[in-house]
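Working notes, structure below.
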There are 2 protein chains.
Amino acid sequence: MAQKKQPAVLCPQCELNDVCRQYEKDDALRAAGESLGDVTPQNNVAKGVSVCQAENRFEYLYAVHEGAFKSVVTLPGGEERVTGFHFAGEIIGAEGVSTGKYGRTVVALQDGQVCYFPETAFSADENDNSKIRQGLLMAMSHQVKNEQWTGLMAAHRAEQRVALFLFMISKRFEFHGFSSDEFRLPMSRDDIASYLGLAVETVSRSFQKLKGAGMIQVSGRNVILEDRDALQGFS
Amino acid sequence: MAQKKQPAVLCPQCELNDVCRQYEKDDALRAAGESLGDVTPQNNVAKGVSVCQAENRFEYLYAVHEGAFKSVVTLPGGEERVTGFHFAGEIIGAEGVSTGKYGRTVVALQDGQVCYFPETAFSADENDNSKIRQGLLMAMSHQVKNEQWTGLMAAHRAEQRVALFLFMISKRFEFHGFSSDEFRLPMSRDDIASYLGLAVETVSRSFQKLKGAGMIQVSGRNVILEDRDALQGFS
DNA sequence: GTAAAAAATTGATTAAGATCAAACGTAAGC
DNA sequence: GCTTACGTTTGATCTTAATCAATTTTTTAC
């Protein structure tokens, strides 16, 4: 069966738009770009394939054009934990700019597409790439905000975490111009459980409780937010 | 009694060093700087005073020169939650660059000092501030990494969270050149509990268990890490 | 389209952490 | 220096979520 496609971000809405569009349109910047390496738009990544590996040398910053991705880290004890999600219009590998290596392994949840931005584009060289850096700053700041959401997931009660999770997803979809009150979750219950630090069974039961309370409709991965404000107030 | 001072970051070690030092030394950049507004170094902030308020318009990005700060968010339900800490050499307000407003209220845990970087320094104007932006990119990327740490705090077990918390603190102190295996925690048990999503009593008990296991020594806020690797492996 | 595999839900029991309550230690104020 | 207030630790009970186990649903493969 055909994999249902996740929404793709329109290039004009992408925070890194300037970098890509200028590259394609502006010959001067394109020339400068050549010396920086390529900014390659829209490369396919098949479901389950990783974009980058934790601890590997940072070579590219990525932007999600289409699809959904998860960040995974392997803890010293061997346990794997999902630490975040990346949707269309968001960046992957931001921590690498300062550390020089990827901090997370990032895996495609469905077939998708990512754009590449070479490390040289934001290293301390003498080229003036202020346009590029401006776009990167925006994307980076946005990423900080997303990571801050994640921090809130350490809420006390399980239902609160799940409610907050759905609210966050909704807000992020909305920001990038996708449906914010009715969507299909790209990740498994296992991924959600790992991300929230809960058992799968607890996640499942929390979904049912939120459903029972009339806040959401759920059928497998399909979710409709009946009352997003209530969801937020509850979390 | 005199408040025990938190270590101050030496300006040459600050990721925003270029911005400040160039400002002070390089006349050309200084001239450019004037048109951007001031980069004001080392302003005092008294214990309990807030650097910025959530939802307020983003005017300055801050860098911690000395002291320790906590980020606080008020949830819709009214509950206050600590979402992060900021130590010497780290930035405050990174999310504001993209959102235009502060996402967290940031409060001084002790008397400290912060440096100001005006919003105009990284807005999309025609001035070439690539040096400034380079420094900001680094600091921002670093902030992403710190926020990613926070995300991991949704660990399953309470002792793991506390162990991971201490490990994180240690790593961050080490990065900025401070003592990494023996330090005084600048935040209360309440703050830690809120940050980790645990009850104060559970935090206290976790400390005692880690002590009993020989991983740490604790006396109030004074902590010695006996075996940091074990702490990491455990978390 | 059907079979097999994986994912998700539901139920019963156990364990972990929250809550309630009180005592102790440290730090601030007089 | 003494008193008071706040922060921290310790104890007992109760609630919540993890675990163990089985079933149902959805997805994948042939």
Side-chain angles (χ1 to χ4, degrees), chain A residues 1-6 46-48 70 79-82 109-111 153-166 184-213 216-223 234-235, chain B residues 1-5 46-48 70 77 79 81-82 109-111 153-166 184-212 216-223 234-235:
Chain A
M1 194 194 83
Q3 179 74 44
K4 187 183 175 179
K5 276 203 172 185
Q6 278 295 117
K47 178 180 177 178
K70 66 173 173 180
E79 182 200 356
E80 286 218 329
R81 197 133 83 215
V82 175
L109 293 166
Q110 292 97 24
D111 297 350
M153 298 299 162
H156 294 80
R157 300 224 314 285
E159 274 177 77
Q160 290 180 332
R161 294 192 205 189
V162 175
L164 186 57
F165 170 76
L166 290 171
R184 183 173 173 79
L185 293 169
M187 73 291 287
S188 70
R189 294 285 194 274
D190 261 296
D191 288 336
I192 298 172
S194 174
Y195 179 64
L196 297 177
L198 298 170
V200 206
E201 298 92 328
T202 305
V203 171
S204 183
R205 277 184 256 263
S206 296
F207 269 102
Q208 302 313 315
K209 281 184 187 171
L210 292 173
K211 187 183 183 178
I216 61 168
Q217 283 182 234
V218 203
S219 176
R221 294 190 180 191
N222 295 103
V223 176
F234 176 75
S235 64
Chain B
M1 194 194 82
Q3 179 74 45
K4 187 183 175 179
K5 277 203 170 185
K47 179 180 176 177
K70 65 173 173 180
E79 181 202 356
R81 198 134 82 216
V82 175
L109 293 166
Q110 292 97 25
D111 298 349
M153 298 299 163
H156 293 82
R157 300 222 316 284
E159 274 177 76
Q160 290 180 332
R161 294 193 205 190
V162 175
L164 187 57
F165 170 77
L166 290 171
R184 184 173 171 79
L185 293 169
M187 73 291 287
S188 69
R189 294 285 193 274
D190 260 295
D191 289 334
I192 299 173
S194 174
Y195 178 64
L196 297 177
L198 298 170
V200 206
E201 297 92 330
T202 305
V203 171
S204 183
R205 277 184 258 262
S206 297
F207 268 102
Q208 301 314 315
K209 282 185 186 169
L210 292 173
K211 188 181 181 178
I216 60 169
Q217 283 182 234
V218 201
S219 176
R221 293 191 181 191
N222 295 103
V223 176
F234 177 74
S235 64

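In what follows, every heavy atom counts, from backbone to side chain, and hydrogens, waters and symmetry copies are set aside. In what follows, chains are A, B, ... by sequence order, proteins preceding strands, each numbered from 1.
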S194(B) side chain to D190(B) backbone, donor-acceptor under 3.5 Å | no

Over all heavy atoms of both residues, which pair between R189(B) and G220(B) is shortest? Give the atoms and the distance, please.
-> NH2-O, 2.6 Å

A correct 5'-to-3' footprint of nucleotides 12-24 of chain D, with B, S and - meaning base, sugar-phosphate only and no protein heavy atom under 4.0 Å, is B----SSBB----

Scanning both residues in full, the closest heavy-atom pair of A193(B) with A199(B) reads CB-C, 3.9 Å

Let me know the distance between CG of N222(A) and P of dT25(D), rounded to the nearest Å.
-> 16 Å

What's the shortest heavy-atom distance between R221(B) and P186(B), and which atoms?
-> NH1-O, 3.3 Å

Just by modelled atom types, is the V200(A) backbone N or O under 3.5 Å from a matching donor or acceptor in the S204(A) side chain?
-> no

Rounded distance (Å) that lies between atom C1' of dT27(D) and atom CG of D190(A) | 15 Å

Donor-acceptor contact below 3.5 Å, side chain D111(A) vs main chain A46(A) = no

From CD of Q110(A) across to C1' of dT28(D) the rounded distance in Å is 15 Å

Measure the distance from CZ on R189(B) to P on dG25(C) and round it to the nearest whole Å.
-> 15 Å

To the nearest angstrom, the NZ-P distance between K211(A) and dA8(C) comes to 15 Å

Roughly, in whole Å, what's the span from CD1 in I192(B) to P in dG17(C)?
-> 16 Å

Could you state the NZ-C1' distance from K47(A) to dT28(D), rounded to the nearest angstrom?
-> 9 Å

Could you work out which one of dT8(D), dT10(D), dT10(C) sits closest to the side chain of Q208(B)?
-> dT10(D)

Please determine if a side-chain N or O atom of R221(B) lies less than 4.0 Å away from the OP1 or OP2 oxygen of dA27(C).
-> no

What's the CG-C1' distance between L196(B) and dA18(C), to the nearest Å?
-> 15 Å

